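Beneath this line is the structure, given in structure tokens, with notes to follow.
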Protein chains: 2
Amino acid sequence: MQSNELIKGTLKTIILNLLKENGRMYGYEITQAIQEITKGEIKITEGSLYPALHGLVAEGMLITESVNIGKRVRKYYRLTKEGKVETKKKLTEFSDYIVMMQGLLNLKPSI
Amino acid sequence: MQSNELIKGTLKTIILNLLKENGRMYGYEITQAIQEITKGEIKITEGSLYPALHGLVAEGMLITESVNIGKRVRKYYRLTKEGKVETKKKLTEFSDYIVMMQGLLNLKPSI
DNA sequence: TGTAATACCTATAACTTATATGTATATTTG
DNA sequence: CAAATATACATATAAGTTATAGGTATTACA
């Protein structure tokens with residue numbers, strides 16, 4: 001899993017799901033969480049993450065909240081009502097996709 | 001599954017697996033097979049398929065064989081020895097990816 | 001005979017993520 | 001205490017994959 005090619009199309013789903021689970025998170029925290037959960041198999045760099053987050057904000061899926069931590073500003077992201085709906089939709093889509101791919105690739109059934 | 005975004009990064013894996021299962025296939029046949037297996041959920045257009053096939057040939061994964069069917073030329077694709085190794089590798093990678101994603105997205109375990 | 005299906009192909013657009021780079025503060029360690 | 005590392009934000013451009021749109025030609029069917 002050195003090559004993260006497969007992640008394409010799922011980064012936003014990952015972000016949305018993390019926010020669904022944790023209520024609110026800031027960018028750096030998200031990159032760390034992904035690394036921890038996947039035991040380092042996936043490393044989302046900031047150059048990938050921030051454009052994705054900004055995109056989700058622009059689409060109305062997230063709202064931000066800036067908090068001062070000393071002299072540093074930490075920007076929290078949280079799901080909007082729309083974002084919660086979209087999250088559910090994306091998770092369903094992904095489950096369907098896995099089932100379909102397992103059919104296509106003759107993998108053991110699941111989910 | 002209207003949006004095929006999730007397919008990104010897996011098209012070649014799908015093609016390689018189909019060839020592994022069927023020995024040899026031609027382009028049009030591959031598009032039809034994918035549609036049938038996925039019950040129309042995925043439609044790989046020729047504009048996506050042929051560049052992918054040509055890429056795999058250029059990478060040494062496939063060899064071609066042209067057969068005359070009346071006045072029409074049908075181009076069969078078949079896995080090379082290298083292609084067989086690569087297919088196995090890609091299938092393993094994909095299985096690992098699914099397991100990892102199920103962890104990230106809190107989906108039911110599988111495979 | 002004209003429409004749909006078969007069968008190949010390419011060029012360019014669109015979309016997503018990676019890479020490289022920049023800035024600045026806080027913490028840890030030698 | 002200085003230097004390295006971690007924290008924390010961000011953007012611009014490159015790279016890679018698939019989609020869209022277009023092109024050509026044969027065969028089957030209504």
Side-chain angles (χ1 to χ4, degrees), chain A residues 1-16 24-36 38 40-59 62 64-77 90 94 97 101, chain B residues 1-16 24-36 38 40-59 61-62 64-77 90 93-94 97 101:
Chain A
M1 189 57 60
Q2 263 99 324
S3 61
N4 287 11
E5 302 162 30
L6 291 168
I7 310 307
K8 295 210 183 210
T10 56
L11 178 55
K12 284 186 179 177
T13 305
I14 293 170
I15 294 171
L16 291 171
R24 68 172 201 181
M25 297 177 87
Y26 53 97
Y28 189 77
E29 191 182 6
I30 293 173
T31 64
Q32 301 307 303
I34 292 175
Q35 273 191 62
E36 272 172 40
T38 66
E41 287 182 273
I42 296 186
K43 283 176 193 169
I44 300 298
T45 63
E46 296 165 317
S48 302
L49 180 71
Y50 287 110
L53 284 172
H54 300 163
L56 287 167
V57 171
E59 293 164 25
L62 306 181
T64 64
E65 182 186 350
S66 290
V67 177
N68 289 314
I69 307 287
K71 283 183 182 176
R72 197 184 281 169
V73 177
R74 183 180 287 171
K75 212 162 161 184
Y76 280 99
Y77 293 84
K90 277 195 182 296
F94 191 77
Y97 161 73
M101 284 300 288
Chain B
M1 188 57 59
Q2 263 98 325
S3 61
N4 286 11
E5 302 164 29
L6 291 169
I7 310 306
K8 296 214 180 204
T10 56
L11 178 55
K12 284 186 178 176
T13 305
I14 292 170
I15 294 170
L16 291 171
R24 68 173 201 181
M25 297 178 87
Y26 54 97
Y28 189 77
E29 191 182 8
I30 292 174
T31 64
Q32 301 307 304
I34 293 175
Q35 274 191 61
E36 274 173 39
T38 65
E41 287 181 275
I42 296 187
K43 283 176 192 166
I44 300 299
T45 62
E46 297 166 316
S48 302
L49 181 71
Y50 288 109
L53 284 173
H54 301 162
L56 288 167
V57 171
E59 292 164 25
M61 301 302 149
L62 306 181
T64 64
E65 183 186 350
S66 291
V67 176
N68 289 313
I69 306 288
K71 284 184 183 177
R72 197 184 281 168
V73 176
R74 184 180 288 171
K75 212 163 162 185
Y76 280 99
Y77 293 85
K90 277 197 182 296
E93 256 177 28
F94 191 76
Y97 161 73
M101 284 300 287

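What you see below is based on every heavy atom in this structure, not just the backbone, and it leaves out hydrogens, waters and symmetry mates. The structure displayed is predicted, hence computed values, not measured ones. Below, chain A is the first sequence line, B the second, and so on; all start at residue 1.
In plain terms, the two heavy atoms of B:Glu29 and B:Met25 that are nearest each other are OE1-CA, 3.3 Å.
With sequence neighbours excluded, the residues satisfying side chain to side chain contact (heavy atoms under 4.5 Å, CB included) with B:Arg24 are B:Glu65, B:Tyr76, B:Arg78. Residues forming a side-chain hydrogen bond (donor to acceptor under 3.5 Å, both in side chains) with A:Lys90 (at least two apart in sequence, or on another chain): none.
By the 4.5 Å heavy-atom criterion applied to side chains, B:Tyr97 and B:Thr10 are not counted as neighbours.
One interatomic measurement links the two molecules: CE of A:Met25 to C1' of D:dA8, which rounds to 14 Å at whole-angstrom precision. Per the geometry, CD belonging to A:Gln35 stands 10 Å off P belonging to D:dT7, to the nearest Å. Taking atom CD of residue A:Glu29 and atom P of nucleotide D:dC9, one finds them 9 Å apart after rounding to whole Å. Rounded to an integer number of Å, the gap from B:Arg74 CZ to C:dC8 P is 7 Å. Distance, A:Ile14 CD1 to C:dT17 C1': 12 Å, rounded to whole Å. The interatomic distance linking A:Lys43 (NZ) with C:dT19 (P) rounds to 12 Å, in whole Å. The distance from atom CD1 of B:Ile44 to atom C1' of D:dA19 is 10 Å, rounded to the nearest whole Å. When rounded to the nearest whole Å, the span between CD of A:Glu36 and C1' of D:dT7 equals 14 Å.
A:Tyr26 OH to A:Thr64 OG1: the interatomic distance, rounded to the nearest 0.5 Å, is 16.0 Å. With rounding to the nearest 0.5 Å, the separation of CG in A:Leu6 from CE in A:Met101 is 8.5 Å. In this structure, CD1 on B:Ile15 lies 8.0 Å from CG on B:Leu62, to the nearest 0.5 angstrom. In this structure, CD1 in B:Ile30 is found 5.0 Å from CG in B:Leu53, a value given to the nearest 0.5 Å. The CD1 atom of B:Ile14 sits 5.5 Å away from atom CD1 of B:Ile34, with the distance rounded to the nearest 0.5 Å. Note: B:Tyr28 OH to B:Leu49 CG = 12.0 Å, rounded to the nearest 0.5 Å.
Pairs engaging residues 46-55 of chain B under the side-chain hydrogen bond (donor to acceptor under 3.5 Å, both in side chains) rule: B:Thr45-B:Ser48 [sequence neighbours left out].
Near DNA chain D, meaning a heavy atom under 4.0 Å from it, residues 45-54 of chain A has A:Glu46, A:Gly47, A:Tyr50, A:Pro51, A:His54 in order of number.
Distances from the side chain of A:Tyr26 to the nucleotides D:dC9, C:dA7, D:dA10 place D:dC9 closest.
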Below 3.5 Å is the cut-off: list the nitrogen or oxygen pairs between protein and nucleotides 12-16 of chain C, distance only.
from	atom 1	to	atom 2	distance (Å)
C:dT16	O3'	A:Gly9	N	3.3

Which atom pairs link the protein and nucleotides 27-30 of chain D when you take only N or O atoms and keep those under 3.5 Å?
from	atom 1	to	atom 2	distance (Å)
D:dT27	OP1	B:Lys71	N	3.0
D:dT27	O4'	B:Arg72	NH2	3.2

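Counting any heavy atom pair closer than 4.0 Å across all strands shown, B:Tyr76 reaches no nucleic acid atom.
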